[in-house]
Each structure stands twice: as C-alpha cells, then as structure tokens.
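Notes follow the structure.
Order of the sequence lines sets the chain letters (A, B, ...), proteins ahead of strands, with each chain counted from 1.
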Number of protein chains: 2
Amino acid sequence: MSSSAQPARSPSPRYGARPTMKDVAARAGVGLKTVSRVVNGEPGVTPDTERRVQDAITALGFRRNDSARILRKGRTASIGLVLEDLADPFYAPLNRAVEEVARAHGALLINGSSAEDPERERELALAFCARRVDGLIIIPAGDDHRYLEPEIAAGIATVFVDRPAGRMDADVVLSDSFGGAREGVAHLVAHGHRRIGFIGDRPRIHTATERLRGYRAAMAAAGLPVDESWVSLGTTAPERVRTEAERMLSGPQPVTALFAGNNRVTATVVRVLARSQRPVALVGFDDLELADLLSPGVTVVAQDAARLGRTAAERLFRRLDGVAEPPQRVELPTRLIIRGSGELPPAEG
Amino acid sequence: MSSSAQPARSPSPRYGARPTMKDVAARAGVGLKTVSRVVNGEPGVTPDTERRVQDAITALGFRRNDSARILRKGRTASIGLVLEDLADPFYAPLNRAVEEVARAHGALLINGSSAEDPERERELALAFCARRVDGLIIIPAGDDHRYLEPEIAAGIATVFVDRPAGRMDADVVLSDSFGGAREGVAHLVAHGHRRIGFIGDRPRIHTATERLRGYRAAMAAAGLPVDESWVSLGTTAPERVRTEAERMLSGPQPVTALFAGNNRVTATVVRVLARSQRPVALVGFDDLELADLLSPGVTVVAQDAARLGRTAAERLFRRLDGVAEPPQRVELPTRLIIRGSGELPPAEG
DNA sequence: TAGAGCCTAGACAACGTTGTCAGATCCGGA
DNA sequence: TCCGGATCTGACAACGTTGTCTAGGCTCTA
C-alpha cells in the first residue's frame, strides 16, 4: 500500500479544469469585471482590451458558468413542462409548440413525464421549482395542486394545460371536451344511431369526465336513454378497451356506434372493429395519423395540440412580463372531421 | 410626482421573498449548517433539533435553491438532449426512453429541437453546456461537431444517437440503416420487382445516404441496374415527395415498387399510392402507427427508437460513472415487418 | 474526578458570476 | 497650466449553498 497522500485540495474537481473568468482575466492581463463585460457585450470596453479578452477566451476555451450567473441574477431563463407522457403522439406537438415559444423568449425547456402519477407530477414540478425555473406549464395528473401555492406565491408563474388545476384557482388552457364530445355523439345520433357506446379514460381525469358529460348531454338532447352497460371509464390499456368494446358489441342489445374518448382508445377500437363482421360506426376524440387512409376513414373530434401548447406558453410569458390579472380559463374549440366511420348507418347484429 | 425614493436595496428582488436557509436557521434558532444538514438528510442532528428545523421549513415554505447547490457542488444532475423535432413521432419514444434512464439516475432532462439546422443544434448544445449539464445526448443536425471538443475535454460526457458525430470520434448509437434498407429492398426484389424507386431524406443526413447505399447494394446484389431517375433525395416535405413519387410512377419505364426512406416519406407515399390505379409495392423505413390497419398493411423496416434512446442514455451514465473507454459505435438491428404492401407482385402500368 | 472519546452544532470560506462604486486616464477649453 | 467631465477599468461584496474545521457538551472508564 503506497501512502499516496493526495491532499484532495478542492472539494470536487469534476470538470477537467474549467477556466473561469478569473483565469481569463489573468491571461488577458485585465480585471475580472472587464471579462464579464466582454462576455456579456456590455459597453465601456476599448476595442483593444476587448480583443485581448476574446483571445484569452478562445485560447482557454472559456464558457460562462450559467449556474453562477443564475444564482446572482435570480432568473434562470428556463421553464419547466410536466406532461403525461413524452412519447404520446398527442402531446408531442404540444411539447414542440411550448419549446418554440420558449425559444422565442430566450428560455430553455426542462421537461418530464408524470405517467399519470400524481406523486410523480408533484416530484417533477417541485424539482423544477428547486431549479428555480421562471415558470411552469403542467398537464395535471393529480387533482390537488395546492402544493404549488408557496411556489406561485414566491413568483413562479404557472399555467395548466389540457386539464384544470385541482383545488386551486390558476390559469388554464384546454379544449372544449364537453362540447366536442357532445358534437361527436350528436353526429352519430344524426346518422340514425340510438344505441351508442362510450369508452373513455379513468374518471379521475378531468377531460374523461367532461367528454362523458358531453356524451350524456347529446343523448339526453335527442331524448335517448343511456344503458349503463354502454358506458366504460377506465385505463386506456388495449386489453381493457378491447374487452369493453367487444362486450358492447355483443349481447342482446348491442350498440351500433361507439364514441372513443381519446387517441389511444380510438386506435384500439379501430383494431377491434376491423375484425367485426357487422359495420359499426365510430367517432373518436383526437385525430390520428393516417386516419384518413383507413377504410372507412376515421371520423374524429380533433383538438389542436400545438395551439394548446402555444397558447399556454404565451400566457406564461405574459405573466413573466409582469401582467397581473386574475387567473383565466381559455377554452379552445374542437373540430369535427368527417371521414366515413362516423357516417355509417346503424346495422343490426 | 411623489418622490418615492425606493432605495432598491437588493439587485433584483424577482422572487416574492424566497426564504433561504439563513431565514430558516434564524426562525428555528439554529445555525445555517444545521439547516443544510436537515434538508439533505445528513446525520448528526438531534431529533428535537430536526423537528424545529422542519417546522421552520414548512412555516416559511422553504425550498432549497438548486442553483446555489449546483454552483457549490459542481454537478447539476441534469442532462441535455438535442433532437431534431420534439413533435416527430419517431423521436418521441426516444425522448421518453432517455427521460426514464435519466430519472433512474436522479437526473433531470433539458431538451430542444434543432429543426435540422446545424447552427441551432450548436446553440442548443452550447447553451446546455453553459448550464453545466453533466452530459449531452445529441441527434446530429450538422456534420462538424468539433465545436464540442473543449466541452468534452472539460468533462461533459457526450453520446450521439441515430447519426454519428461529424469530424470527431465519439460514442454513437444508431440503427443499421444500411442493412435495414438492403433487407427491405431485397424483399421487394424477392417478390419479383426489377424497377424499384427510392425516395429519401436530404443527402446531408447520414442515415439518408446509408439507406441509399443499402438500396444500391441490394440492387447490385440482384444484378439489377439502377436508373438514376428512380432515386430521389431531398426534403421530406409532402409536396416534393408526392411529385417525385408521381414522376416515378409515370413515364415510359415506371417503377413497380417504392422504398421510402423514413416515416414521413412513407406516410406521404401511402397517400399517393392510395390514389393510384395500378397496385404498387411499398416498403418503408420506420414503423407507423395504424400501419397494420391499412389495406394493404404497410410493410416496414422498423427500428426501435426507444431502445436507441435507452442504449444511448445508459452509455452516457456509464461514462458519468467514470468508465473510460475509447469511443464506441453501437449499431442496433432493424426488423422487417411484413404486412402486405411489400409483397404485392409487380404490376405493369 | 480526570481524561479520552463521541456526538452535536456552528463559524467560515468557497463555488463563479454580476452590480456598485470609486479610481485612473485622457480630452478639450479656459 | 489646470480643471471639469467623460470614459475606461478594477476592487469588492453579494447571490445561497456545502465542505472543513473547531468548539462545547456529554458519556464512559479507570
């Protein structure tokens, strides 16, 4: 055992030897503050001095440490986005739209997936707050967001998207789930259907219950009864959705049409119907890629995910610019896209 | 004008009045370091003291400022991901997979889209470096990454995905584009096609040229000539792809099959073929949602985007754990999924 | 009861940057 | 020649946290 008594001078020399402004200053033979001025393009530096500093910067490969800058300035120029699943094609355009707006405001984007787990949503949001993001955009997984109150009070602007905050008054941008579902179901009714099934997401999710409410409203408006066996709320796992769809399609009083509560449900139902003998009408909430190429094409109630994200992000940055208004609820319209599956007439089993 | 001579004490009082450890310490009647110990769960604090501190923390709504922590510790527990487009369904699962691995290692994810613009890729990567991310995962847009050399030398681990780094030796994880394309084209040849078109992405993109190389190799292996009018590289904008596909399908020597170089191209080609009188065979690179439900189903060469992301992230964290090996190139296999469109026999115009 | 040893607690410096302020230099005009 | 003013520059403190080091109180044993 050689006693290699390394003194371990500095606490943690992780980075090779990251030069600091001090190093640059020493090399250029100027003061620390002058380097800061050059790096930040502040006025009051002679061209000659500036060149000397620039040379030292490139020679040493200096890059400003934004952690220190953030600590000093108090603003991070970054925002956090908590969404349900980075891999869900519905949220991808929303993510991108938020990024574009952030970029236009010179901010970076930190994001994470809650996986519909309220605890994980909370962890992520609070971790972002600890990083002192300037603002948060959240697609709620949980139904109680009071944990964010101290953060918001401390100045972290927060906007909710797709679903409202729970037990709290805050800005929210969402699609008109109720109206969209009502329109979609009314469309099926208009094509002669009287027994219409509804397969949606878990009832804890706001949009799921809103869409169910829209379904019931459309049925009621048409004077149609709703048999509770036609209604199914639960996970969007393909097995469950398939079982439920098959159940509704069989039995003594089978449905002649289905309304699918979101993109994942629609994709599964399309697969089930592809194997069905009898033609069954379908309207889905959320658009799907290639939906127009299936036969029949899938009629959907489309929401504009990119616009949701853009609107929320713009609202956030208005808040960051100091606009103080009471929390606002923005509801974006949906659009019924007719492609064939929703226009099939009722066919008895 | 009332002369409200506010002295503006602190430089920028952005945050309402974020309490610090000092405030907590004062309120709990303990020393600063004791608060730090409690917050970080370090040993050596009496249960009684700990409770007093915890009470003060909740009373004040304290949350540790990670910017200061990062500055002090030198590690940020965050990684940066630069991809091409957050909204591209192909990259979404990759994004998610990277996030999962980061989460398992207690790291946050910062990400951004390069939009295939090398300059923007560079800006993003360097902005992440200024934030002192521990590591970078990059889907290259440019073909010269030497700008990262100082950063890597300074200790920022970097792994490239989907395409290799330009003019630099670095870790890279990618799919076997050459082999996949060759297999897909050979599949068409095996079904009797002799005139096969290839529509790919811009030649600056590594995967695009690799897939073209695979196409040529398969044709050559079958002893088939390639007419240059059958080959098209350029943007994946639908208009261009449509024009090119229509061009190849008409004329004196029309192709009887098409190979589509990526998911966006495939989606457009499927639309073109849907309107074609004559059945034309198609194999696409990258899988598509609902591809199995079209008629015919779309035969594809699928890559596992999630595995790409997972593999790259795991490699990155091994590097961060101090594994020092020469840069490594990992090539993941692709998988031919037979669904019908690739098995159509040649049909003369 | 004294000394050794352990445990808890706090003082202090440092991380790398930026805001404040004051010193140094140079110019033109009287 | 000297002064006012403008311009350029650097010393210093502060941002909020963590690592180091030392002080003080306690227990235990001889």
Side-chain angles (χ1 to χ4, degrees), chain A residues 7-15 17-26 28-53 56-57 60 62-77 129-132 154-155, chain B residues 7-15 17-26 28-53 56-57 60 62-77 129-132 154-155:
Chain A
R9 190 83 29 93
S10 76
S12 62
R14 309 280 338 183
Y15 298 113
R18 262 303 190 193
T20 70
M21 286 192 178
K22 203 164 131 189
D23 302 321
V24 174
V30 302
L32 178 55
K33 180 64 204 192
T34 300
V35 177
S36 172
R37 274 191 266 263
V38 171
V39 168
N40 295 294
E42 289 170 24
V45 180
T46 318
D48 177 58
T49 310
E50 170 157 7
R51 200 175 36 70
R52 284 221 312 286
V53 172
I57 286 177
L60 295 174
F62 167 81
R63 189 164 316 283
R64 181 180 63 202
N65 184 333
D66 276 355
S67 295
R69 167 172 237 251
I70 286 166
L71 176 60
R72 187 62 232 254
K73 302 200 75 136
R75 310 223 79 185
T76 58
C129 290
R131 296 290 175 112
R132 295 293 189 269
Chain B
R9 191 81 29 94
S10 77
S12 61
R14 309 283 336 185
Y15 297 113
R18 263 301 191 194
T20 70
M21 285 190 178
K22 203 164 132 189
D23 302 321
V24 174
V30 302
L32 179 55
K33 180 66 204 194
T34 301
V35 177
S36 172
R37 275 192 265 263
V38 171
V39 168
N40 294 295
E42 288 170 25
V45 180
T46 317
D48 177 57
T49 310
E50 170 158 7
R51 200 174 38 68
R52 285 220 315 286
V53 172
I57 286 177
L60 294 174
F62 167 81
R63 185 160 321 281
R64 180 178 63 199
N65 184 332
D66 276 355
S67 295
R69 167 172 236 249
I70 286 166
L71 175 61
R72 186 61 233 254
K73 303 199 76 139
R75 310 223 80 186
T76 58
C129 290
R131 296 291 175 111
R132 296 293 189 269

- [ ] State whether the side chain of B:Arg37 and the backbone N or O of B:Glu42 hold a donor-acceptor pair below 3.5 Å, judged by distance alone.
- [x]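 Checked: no pair found.
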Open item on the list: Treating B:Thr46 as the side-chain partner and B:Asp48 as the backbone partner, does any N or O pair qualify as donor plus acceptor under 3.5 Å?
Closed with: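 Not confirmed, B:Thr46 side chain does not pair with B:Asp48 backbone.
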Task: Any N/O donor-acceptor pair, B:Arg72 side-chain to D:dT18 base, under 3.5 Å - done: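 In this structure, the two groups form a donor-acceptor pair.
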Task: Considering all heavy atoms, the nearest A:Met21-A:Leu32 contact - done: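 Heavy atoms only, the tightest pair is CB-CD1, 3.4 Å.
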TODO: Give the minimum heavy-atom separation between A:Val53 and A:Ala28, together with the two atoms involved.
DONE: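 Where A:Val53 meets A:Ala28 most closely, the heavy atoms are CA-CB, 4.0 Å.
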Open item on the list: So if I take the C1' atoms of five pairs at each end of the helix from C:dT1-D:dA30 to C:dA30-D:dT1 and get each local axis, what angle do the two axes make, rounded to 10 degrees?
Closed with: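 The value is 60°.
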- [ ] Apply the test side chain to side chain contact (heavy atoms under 4.5 Å, CB included) to residues A:Arg18 and B:Arg132: give CA-CA distance (whole Å), side-chain angles for both, the deciding distance (0.1 Å), then the verdict.
- [x] CA-CA 10 Å; A:Arg18 262 303 190 193; B:Arg132 296 293 189 269; 3.7 Å; yes
Determine the contact category for [X]: base if any of its heavy atoms lies under 4.0 Å from a base atom, sugar-phosphate if only primed atoms, P, OP1 or OP2 are that close, otherwise nothing.
{"X": "B:Val39", "answer": "nothing"}
{"X": "B:Gly44", "answer": "sugar-phosphate"}
{"X": "B:Asn40", "answer": "sugar-phosphate"}
{"X": "B:Ser36", "answer": "base"}

Between [N] atom [atom2] and [X] atom [atom1], what is the distance in whole Å?
{"X": "B:Glu42", "N": "D:dT17", "atom1": "CD", "atom2": "C1'", "value": "11 Å"}
{"X": "B:Asp23", "N": "D:dC15", "atom1": "CG", "atom2": "C1'", "value": "13 Å"}
{"X": "B:Arg69", "N": "D:dG16", "atom1": "CZ", "atom2": "C1'", "value": "12 Å"}
{"X": "B:Asp66", "N": "C:dG16", "atom1": "CG", "atom2": "P", "value": "18 Å"}
{"X": "A:Ile70", "N": "C:dT18", "atom1": "CD1", "atom2": "P", "value": "11 Å"}
{"X": "A:Asp48", "N": "D:dT9", "atom1": "CG", "atom2": "C1'", "value": "13 Å"}
{"X": "B:Arg132", "N": "C:dT17", "atom1": "CZ", "atom2": "C1'", "value": "11 Å"}
{"X": "A:Met21", "N": "D:dA13", "atom1": "CE", "atom2": "P", "value": "19 Å"}

Going from [atom1] on [X] to [atom2] on [Y], what distance comes out if it is rounded to the nearest 0.5 angstrom?
{"X": "A:Thr34", "Y": "A:Arg52", "atom1": "OG1", "atom2": "CZ", "value": "9.0 Å"}
{"X": "B:Ile57", "Y": "B:Asp23", "atom1": "CD1", "atom2": "CG", "value": "12.0 Å"}
{"X": "B:Arg51", "Y": "B:Thr49", "atom1": "CZ", "atom2": "OG1", "value": "9.5 Å"}

Open item on the list: Go nucleotide by nucleotide along DNA chain C from the 5' end; which of B:Ala68 and B:Pro43 gets its closest nucleotide reached first?
Closed with: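 Nearest-nucleotide comparison on DNA chain C picks B:Pro43.
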- [ ] Tell me which nucleotide among D:dC15, C:dC15, D:dT17 gets nearest to the side chain of B:Asn65.
- [x]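 Among the listed nucleotides, the one closest to the side chain of B:Asn65 is D:dT17.
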- [ ] Decide yes or no on side chain to side chain contact (heavy atoms under 4.5 Å, CB included) for B:Thr76 and B:Arg131, but give the supporting numbers first.
- [x] CA-CA 8 Å; B:Thr76 58; B:Arg131 296 291 175 111; over 6 Å; no
Output yes when at least one side-chain N/O atom of [X] is less than 4.0 Å from OP1 or OP2 of [N], else no.
{"X": "B:Arg18", "N": "D:dC15", "result": "no"}
{"X": "B:Thr46", "N": "C:dA9", "result": "yes"}
{"X": "A:Lys22", "N": "C:dC15", "result": "no"}

Set out, line by line, the N/O atom pairs under 3.5 Å between protein and nucleotides 10-12 of chain C.
unit_1, atom_1, unit_2, atom_2, d
C:dG10, OP1, B:Gly31, N, 3.3
C:dG10, OP2, B:Gly31, N, 2.7
C:dG10, OP2, B:Thr34, OG1, 2.6
C:dG10, N7, B:Arg37, NH2, 2.7
C:dG10, O6, B:Arg37, NH2, 3.4

Sequence neighbours left out, cut at 3.5 Å: what donor-acceptor pairs do the side chains of residues 62-69 of chain A make with other protein atoms?
unit_1, atom_1, unit_2, atom_2, d
A:Arg63, NE, B:Glu151, OE2, 2.7
A:Arg63, NH2, B:Glu151, OE2, 2.8
A:Arg64, NE, A:Asp66, OD1, 3.1
A:Arg64, NH1, A:Asn40, OD1, 2.5
A:Asn65, OD1, A:Ser67, N, 2.8
A:Asn65, OD1, A:Ala68, N, 3.4
A:Arg69, NH2, A:Asn40, OD1, 3.1

